[in-house]
Amino acid sequence: MGARLFVKRDDALSFGLGGNKVRKLMLETRAALDEHADTLITCGGIQSNHCRATAAAAARLGMHCYLVLDGEPPPHPTGNLFLDQLFGAEIVYVSSRAERRPRMDELAAELRAKGRRPYVIPLGASTPLGALALARAVGELPAQGIAPDFIVVATSSGGTQAGLIAGCALYGLPTRVIGISADDPADTVRSKVAGILTGLESLLELEPGTLQSSHLEVDDAFVGEGYGLASAASRQAQLLAARKEALVTEHWYTAKALAGLVARAKSGAFLDNQTVVFWHTGGVPAIFV
Ligand SMILES: Cc1ncc(COP(=O)(O)O)c(C=O)c1O
């Protein structure tokens with residue numbers, strides 16, 4: 001006996017090699033089209049799944065795409081960067097994370113001056129609108145007869161976790177949503193999630209505080225040596241998922257989140273008859289880096 005474990009396979013969303021960002025971009029690109037935008041601009045790290053999904057969306061919608069990435073151009077683009085180029089995005093490199101937002105704004109101003117209509121999508125599409133897509137996605141669980149006690153998910157810019165928390169509240173699920181940080185300290189991620197929840201409350205015209213949770217759960221104990229770097233726990237979780245279920249995870253996000261889930265299972269945090277959902281957020285292209 002033990003808890004029942006389900007995996008929500010956002011990695012298997014068929015568009016542009018999938019992932020949580022595809023959901024967020026469905027709503028963000030709708031907003032871009034409503035504004036008659038002809039260009040999407042966004043930013044991230046060199047292996048950003050969000051940037052790859054944005055490049056895919058731009059290609060499909062016949063829009064131009066600029067990606068502001070921090071780091072050095074590698075001699076041989078691999079993984080998501082390879083796909084960014086395959087989808088036809090223009091890559092603009094900056095040397096630090098701090099330069100990404102100002103460079104996006106500069107690019108947007110340059111394009112506007114040339115008569116183009118750019119639409120800037122913030123880091124990770126972690127806007128209230130992007131998060132709303134995850135809130136809606138929660139509705140797929142009760143539709144499949146699943147009312148989880150826990151959802152475990154990788155968290156970083158916070159939109160996914162905020163959306164899942166909001167979705168559980170809106171669908172009346174008693175679920176604890178546990179975010180396993182990919183990089184930042186727990187407090188930083190918690191305040192990002194809380195800010196997006198506030199934005200969602202105003203987007204949905206709800207009373208302030210309706211979606212806030214007093215136990216906003218973010219665990220930063222699985223970051224290991226840092227963002228994107230394998231840890232002993234993420235290696236073990238990756239092997240377990242691959243060899244038991246042929247489920248692919250990577251060391252930026254999903255193997256670390258799975259490591260957080262495995263540690264909880266081993267420590268008896270999940271009781272018999274409880275239901276746990278591992279929300280697989282995708283990111284599979286990064287395994288080919
Ligand atoms: C595969 C994957 N999982 C999880 C996340 C975290 O999602 P969020 O940025 O919405 O917190 C991201 C994006 O950063 C991602 O690419």
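Computed over heavy atoms, backbone and side chain alike; hydrogens, waters and symmetry mates excluded. As the structure lists them, so they are numbered: ligands from 1, and atoms in each ligand from 1.
- Proximity to Gly282 (heavy-atom distance under 4.0 Å) selects the following atoms of ligand 1: 1 (C).
- If you check which protein heavy atom lies closest to atom 14 (O) of ligand 1, you get Tyr253 OH, 3.0 Å.
- When only interatomic distances are considered, the shortest N/O to N/O separation between Gln161 and ligand 1 does not fall below 3.5 Å.
- Between Glu28 and Thr54, the closest side-chain pair of non-hydrogen atoms is not below 4.5 Å.
- Near Thr160, the atoms of ligand 1 lying under 4.0 angstrom from a non-hydrogen atom of the residue are 7 (O), 8 (P), 10 (O).
- Residues Glu90 and His64 bring no donor and acceptor atom of their side chains to less than 3.5 Å of each other.
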> Does the pair Arg23 and Glu140 meet the rule for a salt bridge (Lys or Arg N to Asp or Glu O under 4.0 Å), with working shown?
Replying inline: CA-CA 13 Å; Arg23 290 193 187 268; Glu140 295 168 18; 3.0 Å; yes

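- At a 4.0 Å heavy-atom cut-off, ligand 1 touches Lys24 through the side chain alone.
- If you chain together hydrophobic residues whose side chains sit under 4.5 Å apart, Met26 and Val138 never meet in one group.
- Nearest-heavy-atom check against atom 5 (C) of ligand 1 across Val153, Asn20, Asp11 picks out Asn20.
- Atoms of ligand 1 lying under 4.0 Å from at least one heavy atom of Gly159, given by number and element, are 10 (O), 11 (O).
- The side chain of Ser126, and not its backbone, has at least one atom closer than 4.0 Å to an atom of ligand 1 (non-hydrogen atoms only; side chain from C-beta on).
- Criterion: ILVMFWY side-chain heavy atoms under 4.5 Å apart, direct or through other members. Under it, Leu17 and Ile91 are not part of a common hydrophobic cluster.
- Look at Gly19 and you'll find every heavy atom at least 4.0 Å from all atoms of ligand 1.
- The atoms of ligand 1 that sit less than 4.0 Å from any heavy atom of Gly283 are 1 (C).
- Between His50 and ligand 1, no pair of N/O atoms sits closer than 3.5 Å.
- Contact atoms of ligand 1 toward Thr155: 11 (O) (distance under 4.0 Å to a heavy atom of the residue).
- At a threshold of 4.5 Å between non-hydrogen side-chain atoms, the residues Trp279 and Asp10 count as touching.
- Geometrically, Arg116 does not engage Tyr66 in a cation-pi contact defined by less than 6.0 Å to the ring centre and at most 45° from the axis.
- At a heavy-atom cutoff of 4.0 Å, ligand 1 is contacted by the side chain of Lys21 but not by its backbone.
- The closest approach between any non-hydrogen atom of Ala154 and ligand 1 is below 4.0 Å.
- Checking Glu207 against Thr210 by side-chain atom types alone, no donor-acceptor pair falls below 3.5 Å.
- Every atom of ligand 1 is numbered from 1 in the order shown, and the set under 4.0 Å from a heavy atom of Asn49 is 1 (C), 15 (C), 16 (O).
- Defined by atom type and a distance below 3.5 Å, a donor-acceptor pair is present between the side-chain atoms of Ser126 and Lys24.
- For Phe6, the CZ atom is densely surrounded, since the number of other residues' heavy atoms within 6.0 Å is greater than 12.
- The side-chain contact (heavy atoms from CB on, under 4.5 Å) test with Phe270 is passed by exactly one of Leu5, Asp149, Leu261: Leu261.
- Residue contact check for ligand 1: Thr254 places no non-hydrogen atom closer than 4.0 Å to it.
- When only non-hydrogen protein atoms are considered, atom 3 (N) of ligand 1 lies nearest to Thr281 OG1, 2.6 Å.
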